[in-house]
Amino acid sequence: MRATPTGGRAEKVIQHPFYLLRASLEEIEAIARQEVPPPELAAFVDGLSVSPELKEWMKRRETMTLRGDEFLTALSIDDILAVPEFRDAYQANNLIVSGFGFPKRSAKPSDKEKNPGKWEKSEKRYWEEVR
């Protein structure tokens, strides 16, 4: 016995299960969405273990996609600097060019605990220069 899928070529179906659909895939999807609605984005995002800033960004943009050209074009400078995950990724990506005009931090990581005032001032200046 041979079967030909829509737009495909005929193939043998001996000892292979195959199914005949009485509705299109779009109709089946519509029925399934009526029976089980998609999960609430806000509730799902709240359950993630990411920063509150990233959760807020995902809810505001109504997206969970964090890769690809569409994601990159949707990012603004304010988004990158406001969301810790984006900021860390941006900084890590640009560490290579830190000697070629990309700003450098003036405080040492040890100042974070020893001299918090100096660290905060240095961080503020650093991120202003990055902007």
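Nothing fancy with the numbering, it's 1 onward along the sequence.
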With sequence neighbours excluded, residues passing side chain to side chain donor-acceptor pair (under 3.5 Å) with R33:
E29
Rounded to the nearest 0.5 Å, what separation is found between the [atom1] atom of [X] and the [atom2] atom of [Y]?
X	Y	atom1	atom2	result
I28	R22	CD1	CZ	11.0 Å
S24	E27	OG	CD	3.5 Å
M58	F44	CE	CZ	8.0 Å
S51	F86	OG	CZ	8.5 Å

Does anything in residues 40-49 form a side-chain hydrogen bond (donor to acceptor under 3.5 Å, both in side chains)? List the pairs, not counting sequence neighbours.
D46-K59
Any heavy-atom pair between the side chains of R60 and D79 that's under 4.5 Å?
yes
A side-chain contact here means heavy atoms from C-beta on lying under 4.5 Å apart; do L75 and W57 qualify?
yes
Donor-acceptor contacts under 3.5 Å from residues 62-73 side chains, at least two apart:
from : atom 1 : to  : atom 2 : distance (Å)
T63  : OG1    : T65 : N      : 3.1
T73  : OG1    : D69 : O      : 3.1
T73  : OG1    : E70 : O      : 3.0

Contacts of K118 that satisfy salt bridge (charged side-chain N to carboxylate O under 4.0 Å, His left out) - sequence neighbours left out:
D111
With sequence neighbours left out, the residues meeting salt bridge (charged side-chain N to carboxylate O under 4.0 Å, His left out) with E120 are none
Just by modelled atom types, is the A32 backbone N or O under 3.5 Å from a matching donor or acceptor in the E35 side chain?
no
hydrophobic_cluster_shared for Y90 and I77, side chain cutoff 4.5 Å
yes
Among pairs that include at least one residue of residues 81-90, which meet salt bridge (Lys or Arg N to Asp or Glu O under 4.0 Å), considering only residues two or more places apart or in two chains?
none
